[in-house]
K.L.:
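Following this message is one structure expressed as C-alpha coordinates.
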Amino acid sequence: MIRKACISDVKTIHKLINISAAKGEVLPRSLTDVYHCLRDFFVFLEGEEIAGICAMNIIWDNLAEIRSLYVRDKHRRKGIGSKLVHACTNEASGLGIGRLFTLTYEKEFFSQMGFAVTERTKLPEKIWADCFRCPKYPDYCDETMMVLDIDV
Ligand SMILES: CC(C)(COP(=O)(O)OP(=O)(O)OC[C@H]1O[C@@H](n2cnc3c(N)ncnc32)[C@H](O)[C@@H]1OP(=O)(O)O)[C@@H](O)C(=O)NCCC(=O)NCCS
(Lines give C-alpha, C1' and ligand atoms only; values in the text may rest on other atoms or scores of the structure.)
Protein backbone atom coordinates (compact mmCIF):
# COMPACT_ATOMS: atom_id res chain seq x y z
CA MET A 1 0.00 0.00 0.00
CA ILE A 2 1.20 3.51 -0.86
CA ARG A 3 0.56 6.56 1.28
CA LYS A 4 2.08 9.97 1.91
CA ALA A 5 4.80 9.85 4.55
CA CYS A 6 3.98 10.91 8.09
CA ILE A 7 6.11 12.14 10.95
CA SER A 8 6.61 8.69 12.46
CA ASP A 9 8.27 7.56 9.18
CA VAL A 10 11.08 10.11 9.33
CA LYS A 11 13.74 7.99 11.04
CA THR A 12 13.14 5.01 8.73
CA ILE A 13 13.19 7.25 5.64
CA HIS A 14 16.45 8.78 6.85
CA LYS A 15 17.93 5.32 7.45
CA LEU A 16 16.90 3.98 4.02
CA ILE A 17 18.25 7.04 2.17
CA ASN A 18 21.57 6.72 3.90
CA ILE A 19 21.84 2.95 3.29
CA SER A 20 21.39 3.74 -0.40
CA ALA A 21 23.68 6.79 -0.25
CA ALA A 22 26.46 4.65 1.25
CA LYS A 23 26.30 2.57 -1.97
CA GLY A 24 26.46 5.75 -4.06
CA GLU A 25 22.92 5.31 -5.44
CA VAL A 26 21.19 8.42 -4.05
CA LEU A 27 22.39 11.61 -2.40
CA PRO A 28 22.71 11.46 1.40
CA ARG A 29 20.22 13.52 3.43
CA SER A 30 20.41 14.80 6.97
CA LEU A 31 17.60 14.15 9.42
CA THR A 32 16.79 17.87 9.25
CA ASP A 33 16.47 17.65 5.46
CA VAL A 34 14.06 14.74 5.79
CA TYR A 35 11.90 16.68 8.26
CA HIS A 36 11.89 19.71 5.98
CA CYS A 37 11.00 17.69 2.88
CA LEU A 38 8.71 15.15 4.55
CA ARG A 39 5.69 16.30 2.54
CA ASP A 40 7.58 15.34 -0.66
CA PHE A 41 7.67 11.66 0.29
CA PHE A 42 5.53 8.65 -0.49
CA VAL A 43 6.16 5.38 1.32
CA PHE A 44 5.21 1.86 0.21
CA LEU A 45 4.18 -0.44 3.06
CA GLU A 46 4.48 -4.22 3.09
CA GLY A 47 2.60 -5.06 6.26
CA GLU A 48 4.08 -2.84 8.96
CA GLU A 49 7.38 -2.36 7.16
CA ILE A 50 8.34 0.54 4.88
CA ALA A 51 9.50 -1.36 1.79
CA GLY A 52 10.25 1.65 -0.39
CA ILE A 53 10.32 5.44 -0.51
CA CYS A 54 10.26 8.16 -3.16
CA ALA A 55 10.11 11.96 -3.11
CA MET A 56 8.77 14.52 -5.58
CA ASN A 57 10.42 17.88 -5.00
CA ILE A 58 9.01 20.98 -6.69
CA ILE A 59 11.78 22.99 -8.33
CA TRP A 60 10.10 25.69 -10.34
CA ASP A 61 7.21 26.54 -12.58
CA ASN A 62 6.24 23.30 -14.36
CA LEU A 63 9.26 21.36 -13.08
CA ALA A 64 9.75 18.81 -10.29
CA GLU A 65 12.43 16.27 -9.41
CA ILE A 66 11.98 12.61 -8.54
CA ARG A 67 14.57 11.85 -5.87
CA SER A 68 15.44 9.61 -2.93
CA LEU A 69 13.83 6.62 -4.66
CA TYR A 70 14.76 3.44 -2.84
CA VAL A 71 13.26 -0.05 -2.50
CA ARG A 72 14.70 -2.48 0.03
CA ASP A 73 16.66 -5.28 -1.69
CA LYS A 74 14.28 -8.03 -0.61
CA HIS A 75 11.27 -6.19 -2.11
CA ARG A 76 12.76 -5.39 -5.53
CA ARG A 77 11.32 -6.40 -8.92
CA LYS A 78 7.78 -6.57 -7.57
CA GLY A 79 6.60 -3.27 -9.06
CA ILE A 80 7.07 -1.19 -5.90
CA GLY A 81 9.51 1.30 -7.45
CA SER A 82 7.15 1.84 -10.41
CA LYS A 83 4.16 2.39 -8.12
CA LEU A 84 6.11 4.94 -6.06
CA VAL A 85 7.14 6.88 -9.17
CA HIS A 86 3.53 6.75 -10.46
CA ALA A 87 2.31 8.20 -7.17
CA CYS A 88 4.76 11.10 -7.62
CA THR A 89 3.80 11.71 -11.26
CA ASN A 90 0.10 11.66 -10.35
CA GLU A 91 0.68 14.17 -7.60
CA ALA A 92 2.70 16.40 -9.96
CA SER A 93 -0.08 16.22 -12.55
CA GLY A 94 -2.66 17.19 -9.91
CA LEU A 95 -0.53 20.19 -8.98
CA GLY A 96 -0.34 21.28 -12.62
CA ILE A 97 3.34 20.37 -13.01
CA GLY A 98 3.97 18.98 -16.48
CA ARG A 99 7.64 18.01 -16.40
CA LEU A 100 9.59 15.71 -14.10
CA PHE A 101 13.27 14.93 -14.13
CA THR A 102 15.67 12.67 -12.31
CA LEU A 103 19.43 12.20 -12.13
CA THR A 104 20.01 8.48 -11.98
CA TYR A 105 22.11 5.35 -12.53
CA GLU A 106 18.87 3.37 -13.12
CA LYS A 107 18.34 4.13 -16.81
CA GLU A 108 16.39 0.95 -17.63
CA PHE A 109 14.02 1.43 -14.74
CA PHE A 110 13.20 5.04 -15.64
CA SER A 111 13.02 4.25 -19.39
CA GLN A 112 10.28 1.72 -18.77
CA MET A 113 8.46 4.46 -16.80
CA GLY A 114 8.54 6.66 -19.95
CA PHE A 115 11.48 8.90 -18.97
CA ALA A 116 13.88 9.89 -21.77
CA VAL A 117 17.56 10.75 -21.54
CA THR A 118 18.29 14.44 -22.03
CA GLU A 119 21.18 16.90 -21.90
CA ARG A 120 21.46 18.61 -18.50
CA THR A 121 21.89 21.95 -20.19
CA LYS A 122 18.31 21.68 -21.51
CA LEU A 123 16.94 22.14 -17.97
CA PRO A 124 17.01 25.46 -16.07
CA GLU A 125 19.79 26.33 -13.61
CA LYS A 126 17.38 25.87 -10.69
CA ILE A 127 18.03 22.13 -10.85
CA TRP A 128 21.56 22.56 -9.58
CA ALA A 129 20.57 23.38 -5.98
CA ASP A 130 21.26 19.80 -4.83
CA CYS A 131 24.19 19.28 -7.19
CA PHE A 132 26.16 22.10 -5.58
CA ARG A 133 26.19 20.05 -2.37
CA CYS A 134 27.24 16.83 -4.09
CA PRO A 135 30.91 15.80 -3.85
CA LYS A 136 30.79 14.70 -7.50
CA TYR A 137 29.85 18.19 -8.76
CA PRO A 138 30.84 19.41 -11.32
CA ASP A 139 33.48 17.22 -12.93
CA TYR A 140 32.75 13.73 -11.63
CA CYS A 141 28.99 13.42 -12.00
CA ASP A 142 28.30 10.21 -13.89
CA GLU A 143 24.52 10.08 -13.45
CA THR A 144 22.11 10.31 -16.37
CA MET A 145 19.58 13.13 -16.62
CA MET A 146 16.14 11.84 -17.62
CA VAL A 147 12.86 13.69 -18.13
CA LEU A 148 9.19 12.82 -18.39
CA ASP A 149 6.52 15.15 -19.73
CA ILE A 150 3.05 14.44 -18.36
CA ASP A 151 -0.52 15.62 -18.95
CA VAL A 152 -1.74 18.21 -16.49
C1 LIG B 1 15.57 1.46 -8.98
C2 LIG B 1 14.69 0.76 -7.95
C3 LIG B 1 13.94 1.80 -7.14
C4 LIG B 1 13.68 -0.12 -8.71
O5 LIG B 1 12.73 -0.60 -7.77
P6 LIG B 1 11.88 -1.92 -8.05
O7 LIG B 1 10.75 -1.96 -7.07
O8 LIG B 1 12.76 -3.11 -8.09
O9 LIG B 1 11.34 -1.63 -9.52
P10 LIG B 1 10.12 -2.33 -10.28
O11 LIG B 1 9.87 -3.69 -9.72
O12 LIG B 1 8.97 -1.37 -10.29
O13 LIG B 1 10.74 -2.46 -11.74
C14 LIG B 1 9.98 -2.23 -12.87
C15 LIG B 1 10.81 -2.50 -14.11
O16 LIG B 1 11.95 -1.63 -14.13
C17 LIG B 1 13.05 -2.32 -14.73
N18 LIG B 1 14.10 -2.48 -13.72
C19 LIG B 1 13.98 -2.36 -12.38
N20 LIG B 1 15.19 -2.53 -11.77
C21 LIG B 1 16.05 -2.78 -12.77
C22 LIG B 1 17.44 -3.07 -12.80
N23 LIG B 1 18.18 -3.12 -11.67
N24 LIG B 1 18.04 -3.28 -14.00
C25 LIG B 1 17.31 -3.24 -15.13
N26 LIG B 1 15.98 -2.98 -15.17
C27 LIG B 1 15.37 -2.75 -14.01
C28 LIG B 1 12.51 -3.67 -15.19
O29 LIG B 1 12.01 -3.48 -16.51
C30 LIG B 1 11.36 -3.88 -14.22
O31 LIG B 1 10.37 -4.72 -14.72
P32 LIG B 1 10.52 -6.34 -14.55
O33 LIG B 1 10.88 -6.60 -13.12
O34 LIG B 1 9.16 -6.82 -14.94
O35 LIG B 1 11.61 -6.73 -15.50
C36 LIG B 1 15.52 -0.16 -7.01
O37 LIG B 1 16.32 -1.02 -7.79
C38 LIG B 1 16.42 0.59 -6.03
O39 LIG B 1 15.99 0.95 -4.93
N40 LIG B 1 17.69 0.84 -6.44
C41 LIG B 1 18.65 1.51 -5.56
C42 LIG B 1 18.36 2.98 -5.38
C43 LIG B 1 18.38 3.74 -6.69
O44 LIG B 1 19.23 3.55 -7.55
N45 LIG B 1 17.40 4.66 -6.82
C46 LIG B 1 17.28 5.50 -7.99
C47 LIG B 1 17.85 6.85 -7.69
S48 LIG B 1 17.26 8.04 -8.88
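Note that ligands are numbered from 1 as they come in the structure, with each ligand's atoms numbered from 1 the same way.
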K.L.:
Could you go through R67 and V26, starting from their C-alpha distance and side-chain angles, then the distance that decides it, and tell me whether this counts as side-chain contact (heavy atoms from CB on, under 4.5 Å)?
P.N.:
CA-CA 8 Å; R67 63 187 197 182; V26 301; over 6 Å; no
K.L.:
I'd like the residue list for ligand 1, meaning every protein residue with a non-hydrogen atom under 4.0 Å from the ligand.
P.N.:
S20, E25, V26, L69, Y70, V71, R76, R77, K78, G79, I80, G81, S82, T102, L103, T104, E106, E108, F109, F110, Q112
K.L.:
Taking the cut-offs as 6.0 angstrom to the six-membered ring centre and 45 degrees off its axis, would you call K4 and F42 a cation-pi pair?
P.N.:
yes
K.L.:
Which atom names give the shortest non-hydrogen contact between I150 and L100, and what distance separates them?
P.N.:
CD1-CD1, 3.8 Å
K.L.:
Just by distance, with hydrogens left out, do H75 and K78 show a side-chain donor and acceptor under 3.5 Å apart?
P.N.:
yes
K.L.:
To the nearest 0.5 angstrom, please state how far the CG atom of D9 sits from the CG atom of L16.
P.N.:
10.0 Å
K.L.:
Flag the pair R99 and E65 as a salt bridge only when some basic side-chain nitrogen lies within less than 4.0 angstrom of an acidic carboxylate oxygen.
P.N.:
no
